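Data block below; observations after.
Since the structure is predicted, the reported quantities are computational estimates derived from the model, not experimental observations. In this chain, numbering begins with 1 at the start of the sequence shown. Note that these values count all heavy atoms, side chains included, but never hydrogens, waters or copies made by symmetry.
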Amino acid sequence: SMGLLTHQGPPEWHPAPPELKEAAAAAAACCRDQGVDLSKLALQFAVKNPSISTTLVGMCSSSVVRANVTAVLQALGAEAADASSVRQEAKALQEVERILAPVKELTWASGRPENQ
């Protein structure tokens, strides 16, 4: 997602279409309002989804690495998670999926034009 599914949002130069950026910003606001980390939701969604065979995650600090490892372990059931947080995150995920549904199939060109 190159920053789309984070609270800080993507860099200014991000190539996603405007409607995708707007939906991602709305998802981030929804999570922020509920006290949920959108990046964690996105990572756990990808790890638990059997249709996604590979997930690449950019991390900028050791604290983010630790948080992501914990999120993955929790998603896979290898580490316990607070029941209240799990319920709150499940509720937020439903709302995020609703927000992103209209743009779910949108993407952007990447790489050399002749390889598109």
Practice problem: Provide the closest heavy-atom pair for Leu41 versus Ala92 in the form atom of the first, atom of the second, distance. | Solution: CD1-CB, 4.0 Å

Practice problem: Report yes if some heavy atom in the side chain of Val96 is under 4.5 Å from a heavy atom in the side chain of Phe45; otherwise report no. | Solution: no

Quiz prompt | Glu12, CD atom: more than 12 neighbouring heavy atoms under 6.0 Å | solution = no

Quiz item: Ignoring hydrogens and geometry, is there a side-chain-to-backbone donor-acceptor pair from Thr6 to Leu38 under 3.5 Å?
Solution: no

Quiz item: Closest approach of Ala71 and Lys40, non-hydrogen atoms and distance?
Solution: CB-CG, 3.8 Å

Exercise. Find the distance between CD (Glu95) and CD1 (Ile99) and round it off to the nearest 0.5 Å.
Key: 4.5 Å

Practice problem: Find out if a path of hydrophobic residues (ILVMFWY) with successive side-chain heavy-atom gaps under 4.5 Å connects Met59 to Leu5. | Solution: no

Quiz item: NE2 of His14 to OG of Ser1: how many Å apart, nearest 0.5 Å?
Solution: 6.5 Å

Quiz item: To the nearest 0.5 Å, how far apart are NZ in Lys91 and CZ in Arg87?
Solution: 11.5 Å

Practice problem: Heavy atoms only: give me the nearest His7-Asp37 pair and the separation to one decimal. | Solution: NE2-CA, 3.5 Å

Quiz item: Taking C-beta and beyond as the side chain, do Pro15 and Met2 meet within less than 4.5 Å on heavy atoms?
Solution: yes

Quiz prompt | Those residues that, when tested against Asp82, pass side-chain contact (heavy atoms from CB on, under 4.5 Å) (two or more places apart) | solution = Ser84, Ser85

Quiz item: Roughly how far, to the nearest 0.5 Å, is SG of Cys31 from CD of Gln88?
Solution: 10.0 Å

Quiz item: Hey, quick one: are Leu106 and Trp13 part of the same hydrophobic cluster, counting side-chain heavy atoms closer than 4.5 Å, chains of contacts allowed?
Solution: yes

Self-check item: Side chain Glu19, main chain Val103, donor-acceptor under 3.5 Å
Solution: no

Quiz item: What's the spacing between Gln44 CD and Asn68 CG if we round to 0.5 Å?
Solution: 9.5 Å

Exercise. Search all heavy atoms of Ala80 against all heavy atoms of Gln74 and return the closest pair with its distance.
Key: O-NE2, 3.5 Å

Quiz item: Just wondering, do Lys21 and Pro18 contact through their side chains at under 4.5 Å, heavy atoms?
Solution: no

Exercise. Kindly give the heavy-atom pair with the smallest separation between Ala16 and Leu20, and that separation in Å.
Key: CB-CD2, 3.9 Å

Self-check item: For Thr55, all residues meeting side-chain contact (heavy atoms from CB on, under 4.5 Å), sequence neighbours excluded
Solution: Leu43, Ala46, Ile52, Val57

